[in-house]
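One structure is given here, and the rest of the page talks about it.
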Amino acid sequence: MSEKDQRLEVAMGHMLRIGVTVAALVVLAGGILYLAQAGGVMPDYRHFHGAPVMYKHVGAIIASALHLDSKSLIELGILLLIATPVCRVLFGVIGFSFLKDRLYAAISTVVLVVLLLSFVTRR
C-alpha cells in the first residue's frame, strides 16, 4: 500500500469518527434539552401519534433545530449519522479519482449513485 493510499484511508477514518461523534453530540444535546423541557410530562401510550409534517422535510428539521427545538435536534443528529457514510463514499470517489485508481473510483461512484437513488425514491 502506497503512502497516498494510507493517507486516504486515515483521512476516511477520521471523517467517519468525526461524523459519528458530531451526530452523537447533537442527539445528546437534543435529548438533554428534551428532558429539560418535557421531563415531568407523562406520555400517552393509549393513542399513537405520528410524526408531525415538520419532521419529514430536511429543511424544516434544520430550521427548527436552529431554534433549539429538542426533537428537531435529535432528528438532525440522526440525519447527520445517516449522512456520514454517504460523505465517506463521496470522499472515496474524489480521493480515488485523485489517486487515479479508476476501479475503486468507479465502484465508489456506483455505490454513491445507489445510495442517492435510495434516498430519492424513498425505498
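What you see below is based on every heavy atom in this structure, not just the backbone, and it leaves out hydrogens, waters and symmetry mates. Keep in mind that what you see is a predicted model, and the values were worked out from it rather than measured.
Following chains of ILVMFWY side-chain contacts shorter than 4.5 Å, one can reach L33 starting from V22, so the two form part of one hydrophobic cluster. Using a 4.5 Å cut-off between side-chain heavy atoms of Ile, Leu, Val, Met, Phe, Trp and Tyr, with links allowed through other members, V26 and V58 fall into the same hydrophobic cluster. At a threshold of 4.5 Å between side-chain heavy atoms, the hydrophobic network of Ile, Leu, Val, Met, Phe, Trp and Tyr places L115 and V110 in two separate groups. Linking ILVMFWY side-chain heavy atoms closer than 4.5 Å, directly or via other members, places M15 and Y104 in a single hydrophobic cluster.
Within the model, atoms CZ of F119 and CG of L117 stand 11.0 Å from one another, a figure rounded to the nearest 0.5 Å. Taken from CZ in R17 to OG1 in T21, the straight-line distance is 8.5 Å, to the nearest 0.5 Å.
Taking 4.5 Å as the limit, every side-chain heavy atom of F96 sits out of range of all side-chain heavy atoms of L103. Within the 4.5 Å cutoff, side-chain heavy atoms of L8 are placed close to those of F91. L16 is not listed as a side-chain neighbour of M12, based on a closest heavy-atom distance of 4.5 Å or more.
Applying the side chain to side chain donor-acceptor pair (under 3.5 Å) rule to R7 yields no partners; only residues at least two apart in sequence or on another chain are considered. Residues forming a side-chain contact (heavy atoms from CB on, under 4.5 Å) with I94 (at least two apart in sequence, or on another chain): L90, F98.
Between the side chain of S64 and the main chain of I61, no donor-acceptor pair closer than 3.5 Å is present.
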Side chains of residues 65-83: which donor-acceptor pairs under 3.5 Å do they make with residues two or more places apart or in other chains?
from : atom 1 : to  : atom 2 : distance (Å)
H67  : ND1    : A63 : O      : 2.8
D69  : OD2    : Y55 : OH     : 3.0
D69  : OD2    : S72 : N      : 3.1
D69  : OD2    : S72 : OG     : 2.7
S70  : OG     : Q37 : OE1    : 3.4

